[in-house]
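The structure under discussion appears below in the form of structure tokens.
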Amino acid sequence: MTSPSGHNLSITDLAHSLPDHHHLDYALWDPTDENSDRSRAFVRALRRAMVGIGHFYLQNTPLDSGDTRKVNQRAKVFSLCERLFDLPLHDRLSIDINESRHFRGYCKFGVEETLSLQDHRDMVDYGPEMSPLPFSERMFKAHPYLNFFGPNQFLDEDVLPGHQAIVMDWYETANEICRQLTRAMELALGVEKGRLSQYLDGIQPVMDDFERIEGSEQGVGVHKDGGWLTLLATSSVGGLEVQGFDGNWISVPPVEGSTIVNFGRQIEALTNGLVQAATHRVVIPATATQTRYSVVWFGYPALNLVVKPLDVPGGFSDEILELWREAVAQRQGKPIVSDAPPFIAGPDDRFGWLMWRRRVLSHPEIAERFDL
Ligand SMILES: O=C(O)CCC(=O)C(=O)O
Ligand SMILES: [Fe+2]
């Protein structure tokens, strides 16, 4: 593709030139002064993104700029990814997810399914590093999602130097960004402080995935992320697509220095659909020559909470309602098209149950093996 000036467009220019993409600058957000002009500008941009198709690009986060202690976290995490997936299968299988009742570890190519089609990816799942809860048969049978708490599986330093430190650094930085974005969303929606962030307090099963996808028809099938916010960093291969409200698929190419943020289903549920979770998939042309890596950090609400539409006296802010009306008018009132499978949740389902059902569906062997 060429730009109006005749130069070849880079993948970054391409993303900037596409409609439907919002680009937010995290450097504007000042948590110590939410009322500053810069913070307000950030909240305004976020508000616009919130009535969009469920995702935005976020530049200048510490994942990219880093502080002096953690310079270049993105470079470190992708180098780790490459080194990890280059290890002989036998090493990777030494942290096999099927050996972990906490659903942590390496998942072999082709084991995961979305929409009953095999995904062409292998991956490693991590979560917060913690000791398993003291075992009580009765408690675990009543609340099987408590199995999510436990240690990660890391390779020894001599096999994969930096494995634990790099993963946990990324995890902590992403967690803090998620908390800050949640506070900014409260301001964007015009709800009182803590109204959203309370969902992040308590026992949280935040997950981190390292993924590798080989050229295939279905890299990752159509879905909406089930949680709160997803922070997604991909290597330069591309392949991510988000579905527009009219049903068309829109490419979301990687942008240097930016992280892709998806709204998850729990935010959609809380806001009663005002904020839509991104319907997305990964499609890589079979002709792609490079392996694609992505580092996907999923933020979730606490497991013991039930997420229901927020009851806000007086409703959401006029500003966001106005933007919502504009968005509806732009699509001439037509309903939102999404090919993501329907979301099955009872009205009183704790979030832990939703997550448990999904994880067991993806990894039935683990439940069978540990009699969960
Ligand atoms: O790798 C990507 O770009 C997205 C992966 C994804 O959507 C997921 O793991 O939920
Ligand atoms: Fe996803």
Side-chain angles (χ1 to χ4, degrees), residues 11 15 21 53-58 63 74 77-78 81-82 84-85 97 103-115 117-127 167 170-171 174 178 205-243 249-256 258-268 275-285 288 290-300 338-341 343 354-355 358-359 361-363:
I11 206 151
H21 292 317
I53 58 173
H55 83 104
F56 58 90
Y57 288 95
L58 187 63
L63 294 173
R74 182 184 295 251
V77 91
F78 277 103
C81 242
E82 279 176 34
L84 193 161
F85 288 114
I97 195 167
F103 295 74
R104 316 284 182 88
Y106 174 68
C107 175
K108 239 184 20 231
F109 187 79
V111 172
E112 180 104 351
E113 290 186 356
T114 314
L115 287 176
L117 283 174
Q118 204 160 73
D119 292 339
H120 286 246
R121 59 176 166 175
D122 60 354
M123 56 210 279
V124 189
D125 285 356
Y126 309 94
V167 169
W170 185 268
Y171 167 83
C178 173
V206 185
M207 299 295 291
D208 228 337
D209 267 2
F210 281 12
E211 304 186 0
R212 170 173 66 170
I213 301 181
E214 303 289 0
S216 74
E217 289 290 305
Q218 167 158 291
V220 183
V222 182
H223 67 286
K224 294 183 174 194
D225 293 338
W228 192 256
L229 292 174
T230 306
L231 270 56
L232 172 62
T234 75
S235 59
S236 58
V237 175
L240 177 66
E241 296 179 345
V242 171
Q243 194 168 29
W249 287 95
I250 301 163
S251 163
V252 186
V255 168
E256 219 182 300
S258 282
T259 300
I260 295 160
V261 181
N262 289 341
F263 296 108
R265 287 201 190 259
Q266 302 312 309
I267 295 197
E268 182 176 310
V275 179
Q276 288 287 309
T279 299
H280 59 289
R281 65 183 185 187
V282 181
V283 183
I284 304 183
Q290 276 174 307
T291 304
R292 177 184 194 270
Y293 299 100
S294 57
V295 176
V296 194
W297 183 94
F298 298 99
Y300 292 115
S338 168
D339 294 342
F343 184 46
L354 307 184
M355 180 142 174
R358 279 191 32 218
R359 295 293 282 165
L361 210 63
S362 294
H363 300 283

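Positions are given from 1 along the sequence. Note that ligands are numbered from 1 as they come in the structure, with each ligand's atoms numbered from 1 the same way.
- Any protein N/O/S atom under 2.8 Å from the Fe ion (ligand 2) was counted, giving 3 altogether.
- At the shortest separation from atom 10 (O) of ligand 1 among protein heavy atoms lies His223 NE2, 3.0 Å.
- When every heavy atom of Phe343 is checked against every heavy atom of Gln266, the shortest pair comes out as CZ-NE2, 3.6 Å.
- Considering only non-hydrogen protein atoms, atom 9 (O) of ligand 1 sits nearest to Glu211 OE2, 2.9 Å.
- Those atoms of ligand 1 that come under 4.0 Å of a heavy atom in Ser294, given as number and element, are 1 (O), 2 (C).
- Scanning the protein for heavy atoms near atom 4 (C) of ligand 1, the closest one is Val282 CG2, 3.7 Å.
- Atoms of ligand 1 found under 4.0 Å from any heavy atom of Thr234, numbered from 1 in the order shown, are 3 (O).
- Distances below 4.0 Å separate heavy atoms of His280 from the following atoms of ligand 1: 7 (O).
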From CA spacing to verdict: side chain to side chain contact (heavy atoms under 4.5 Å, CB included), His55, Asp225: CA-CA 11 Å; His55 83 104; Asp225 293 338; over 6 Å; no
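- Heavy-atom contacts of Asp225 reach the following atoms of ligand 1: 10 (O) (cutoff under 4.0 Å).
- Atoms of ligand 1 found under 4.0 Å from any heavy atom of Phe298, numbered from 1 in the order shown, are 8 (C), 9 (O), 10 (O).
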Test log, rule side chain to side chain contact (heavy atoms under 4.5 Å, CB included), inputs Leu354 and Arg265: CA-CA 11 Å; Leu354 307 184; Arg265 287 201 190 259; over 6 Å; no
